[in-house]
Amino acid sequence: MSGKPKLYYCYGRGRMESIRWLLAVAGVEFEEEILETREQFEALLQGGALLFQQIPMVEIDGMKLVQTPAILQYIAAKYNLYGKDLKERALIDMYVGGTTDLMNPIMLYPFIAPELQEAHLNKIRQLAHNRYFPVYEKILREHGNMYLVGKWFTWADVHLLEAILMVEEKFADLMADFPLLRDFKARISEIPTIKAFLQPGSQRKPVPDEKYVETVRRVLQLHHVT
Ligand SMILES: N[C@@H](CCC(=O)N[C@@H](CS)C(=O)NCC(=O)O)C(=O)O
């Protein structure tokens with residue numbers, strides 16, 4: 001055992017990507033076991049490693065953690081990215097809740113039936129433009145700080161950056177209406193660990209493609225997601 005956290009997931013973003021982001025931004029090196037076959041997944045199941053028969057799973061500090069929010073909260077708290085007190089923590093949870101609700105339909109998009117994809121994409125655009133991004137723009141304006149919460153960057157900032165990048169990949173023009181979010185993105189992308197994670201060759205995963213979708217379906221035996 002190397003002592004590094006070990007991440008169990010398919011080769012792709014999905015629910016694991018925010019965990020990769022948070023570890024990378026905290027400057028924590030991690031290993032990955034890439035699941036490509038149903039047999040690998042079943043071996044984990046049979047070994048009792050997956051509490052609810054689901055991934056992501058992360059081995060860290062002698063634990064086998066599942067449930068993405070629990071994993072993220074543990075990492076955020078351990079590496080001082082979870083605010084200075086309970087009130088800051090509540091704000092961080094609330095803001096991460098919003099970015100999660102925006103990222104979930106983007107994460108689901110590659111699994112949507114082709115005839116439903118256009119409507120799904122329109123819905124994502126509406127959510128980003130009319131519901132979530134105006135809120136984060138307002139928070140940055142009113143907080144008057146470089147970051148969303150307190151005086152230092154937190155998990156909420158990391159999650160917002162990930163959400164902005166995911167939305168931009170789908171709608172390159174959308175950020176035009178959100179100048180503070182554009183500034184935020186430019187500033188936070190200069191934080192050294194973030195800059196490194198954004199470079200080619202990092203453990204950041206690419207935009208989902210057909211191969212990723214096929215692998216997830218094979219490993220998880222998922223047939224229909226609509
Ligand atoms: N609430 C869980 C949901 C995990 C989840 O749905 N994982 C999917 C893959 S991303 C999975 O393992 N699906 C297989 C199944 O539910 O049987 C979390 O937040 O981690």
Side-chain angles (χ1 to χ4, degrees), residues 5-26 28 30-79 81-82 89-90 92-113 116-117 120 124 127 132 155-156 158-160 162-163 165-166 169-170 203-226:
K6 188 163 176 185
L7 281 46
Y8 294 77
Y9 206 70
C10 298
Y11 185 86
R13 292 181 181 175
R15 288 179 210 271
M16 189 63 102
E17 192 68 354
S18 298
I19 298 170
R20 297 185 185 106
W21 263 100
L22 200 56
L23 286 168
V25 172
V28 180
F30 56 90
E31 294 174 355
E32 299 194 69
E33 176 147 332
I34 302 294
L35 305 184
E36 286 179 337
T37 64
R38 180 68 190 173
E39 290 68 32
Q40 280 175 287
F41 184 73
E42 281 182 357
L44 288 173
L45 285 177
Q46 277 150 24
L50 306 180
L51 193 63
F52 300 113
Q53 302 165 31
Q54 292 175 320
I55 47 174
M57 191 274 278
V58 175
E59 276 182 333
I60 183 168
D61 297 337
M63 299 180 286
K64 288 183 169 56
L65 292 182
V66 295
Q67 291 295 348
T68 314
I71 299 167
L72 288 165
Q73 283 159 13
Y74 181 78
I75 296 166
K78 179 167 178 176
Y79 296 103
L81 294 167
Y82 212 175
R89 190 169 285 209
I92 291 166
D93 284 340
M94 205 163 66
Y95 299 162
V96 166
T99 33
T100 303
D101 288 348
L102 172 58
M103 286 196 268
N104 277 344
I106 304 178
M107 191 177 71
L108 213 57
Y109 174 75
F111 298 93
I112 298 281
L116 300 176
Q117 281 187 346
H120 190 83
I124 295 168
L127 284 174
Y132 292 103
W155 172 28
V158 181
H159 221 245
L160 177 58
E162 188 188 352
L165 295 172
M166 282 172 83
E169 280 169 357
K170 295 263 169 281
Q203 284 165 294
R204 188 175 177 219
K205 297 296 178 274
V207 178
D209 59 8
E210 275 176 29
K211 185 166 178 239
Y212 166 68
V213 172
E214 264 171 42
T215 308
V216 171
R217 288 193 196 283
R218 185 173 63 244
V219 170
L220 300 179
Q221 293 187 342
L222 282 182
H223 300 296
H224 303 287
V225 181
T226 53

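One-based numbering, in listed order, for ligands and for the atoms of each.
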Students should be able to answer this: which protein heavy-atom is nearest to atom 17 (O) of ligand 1, and at what distance?
Gln53 O, 4.1 Å

Which option, Thr100, Leu50, Leu72, Thr68, owns the non-hydrogen atom nearest atom 19 (O) of ligand 1?
Thr68

Under a 4.5 Å cut-off applied to non-hydrogen side-chain atoms, are Phe111 and Tyr212 in contact?
yes

Per-atom contacts, ligand 1 versus Pro56 - under 4.0 Å to a heavy atom:
20 (O)

Can you confirm whether Lys6 sits close enough to Met57 that some side-chain heavy atom of one is under 4.5 Å from a side-chain heavy atom of the other?
no

Are Thr68 and Met16 packed together at the side-chain level, in the sense that at least one heavy-atom pair is separated by less than 4.5 angstrom?
no

Please report which non-hydrogen protein atom sits nearest to atom 1 (N) of ligand 1, along with the residue it belongs to and the distance in Å to one decimal place.
Gln67 OE1, 2.6 Å

Phe30 and Ile75, any side-chain heavy atoms less than 4.5 Å apart
no

Consider every N or O of Ile55 and every N or O of ligand 1, then say whether any pair is closer than 3.5 Å.
yes

Quick one: does Gly14 get a heavy atom under 4.0 Å from ligand 1?
no

So, Ser18 versus Glu162: side-chain donor-acceptor pair below 3.5 Å or not?
yes

closest protein heavy atom to atom 5 (C) of ligand 1 is Arg15 NE, 3.3 Å

Contacting atoms of ligand 1, where contact means under 4.0 angstrom from a heavy atom of Pro69
19 (O)

Taking atom types as modelled, find out whether Glu59 and Tyr8 have a side-chain donor-acceptor pair closer than 3.5 angstrom.
yes

Please say whether Tyr9 places an N or O atom under 3.5 Å from an N or O atom belonging to ligand 1.
no

Tell me the protein heavy atom at minimum distance from atom 15 (C) of ligand 1, and give that distance in Å.
Gln54 CG, 3.8 Å

Using the side-chain contact (heavy atoms from CB on, under 4.5 Å) rule, take Ile71 and Arg15 through it: C-alpha gap first, then chi angles, then the decisive distance, then the call.
CA-CA 11 Å; Ile71 299 167; Arg15 288 179 210 271; over 6 Å; no

Side-chain polar contacts of residues 34-45 - donor-acceptor pairs under 3.5 angstrom, sequence neighbours left out - could you list them?
from, atom 1, to, atom 2, distance (Å)
Thr37, OG1, Gln40, N, 3.1
Thr37, OG1, Gln40, OE1, 3.4
Arg38, NE, Glu42, OE2, 3.0
Arg38, NH1, Val219, O, 2.7
Gln40, OE1, Glu36, N, 2.6
Gln40, OE1, Thr37, N, 3.0
Gln40, NE2, Ile34, O, 3.0

Atom 13 (N) of ligand 1: the protein heavy-atom neighbour that sits closest, reported with distance to 0.1 Å
Leu220 CD1, 3.8 Å

